[in-house]
Amino acid sequence: MSKRRIYRKIARKYKTTVGEVKREMQNAICYAYQDPSKDISKKAMQAKISSKGEIPSVEEVLQFAVTQVREKNR
């Protein structure tokens with residue numbers, strides 16, 4: 001299933017737009033990276049996600065998740 005279809009499916013389920021789904025996902029990622037109370041294991045997991053900036057984009061997080069699932073299923 002493509003990312004585009006996933007976004008659309010989530011948007012339909014929650015009666016919102018694809019843009020709003022992406023914005024909310026990015027907001028959640030930003031919150032997770034800026035959370036001062038995160039423990040060392042969360043920091044270590046976040047460090048594994050490659051990104052162009054300090055905080056990864058939704059696409060970068062999704063790509064990381066897909067790679068993790070594929071490796072686990074081998």
Side-chain angles (χ1 to χ4, degrees):
M1 185 179 291
S2 71
K3 286 185 275 188
R4 183 182 225 175
R5 282 186 65 194
I6 293 169
Y7 290 136
R8 280 192 255 152
K9 192 171 186 175
I10 293 169
R12 270 194 308 269
K13 180 176 180 177
Y14 293 101
K15 297 178 175 74
T16 190
T17 65
V18 168
E20 184 65 19
V21 169
K22 288 181 180 181
R23 271 190 300 280
E24 288 300 318
M25 290 173 77
Q26 188 63 55
N27 287 341
I29 293 165
C30 289
Y31 177 81
Y33 272 76
Q34 296 170 347
D35 180 11
S37 66
K38 64 185 167 194
D39 60 29
I40 195 84
S41 64
K42 288 179 185 175
K43 288 179 184 179
M45 181 58 76
Q46 290 174 350
K48 292 180 182 181
I49 302 173
S50 63
S51 66
K52 293 178 183 173
E54 187 177 324
I55 297 175
S57 67
V58 173
E59 287 75 19
E60 290 168 330
V61 171
L62 289 177
Q63 185 58 51
F64 173 78
V66 166
T67 301
Q68 293 295 302
V69 169
R70 284 183 179 154
E71 288 178 5
K72 189 175 183 177
N73 289 330
R74 285 185 185 177

CD1 of Ile55 to CD1 of Ile49, rounded to nearest 0.5 Å, is 11.5 Å
Glu59 (side chain) donor-acceptor with Lys3 (main chain) under 3.5 angstrom: no
Which residues satisfy the side chain to side chain contact (heavy atoms under 4.5 Å, CB included) test with Arg70, sequence neighbours excluded? Val66
Ser37: side chain to side chain donor-acceptor pair (under 3.5 Å) partners, not counting sequence neighbours: Asp35
The criterion is side chain to side chain contact (heavy atoms under 4.5 Å, CB included); which residues satisfy it with Ala11, sequence neighbours excluded? Thr16, Val18, Val21
For Lys38, does the NZ atom have more than 12 heavy-atom neighbours from other residues, nucleotides or ligands under 6.0 Å away? yes
Gap between atom CD of Gln46 and atom NZ of Lys42 - 0.5 Å precision: 8.5 Å
Sequence-distant partners of Glu20, salt bridge (Lys or Arg N to Asp or Glu O under 4.0 Å), two or more places apart: Arg23
Under the rule for side chain to side chain donor-acceptor pair (under 3.5 Å), what residues qualify as partners of Lys43, not counting sequence neighbours? none
Can you list everything that forms a side chain to side chain contact (heavy atoms under 4.5 Å, CB included) with Lys48? Sequence neighbours excluded, please. Met45, Phe64
Going by heavy atoms in the side chains, are Gln68 and Glu71 under 4.5 Å from each other? yes
Between the side chain of Tyr33 and the main-chain N/O of Pro56, is any donor-acceptor distance below 3.5 Å? no
Hey, is CD on Glu54 packed in by over 12 heavy atoms from elsewhere, all under 6.0 Å? no
To the nearest 0.5 Å, tell me how far Thr17 OG1 sits from Ile10 CD1. 12.0 Å
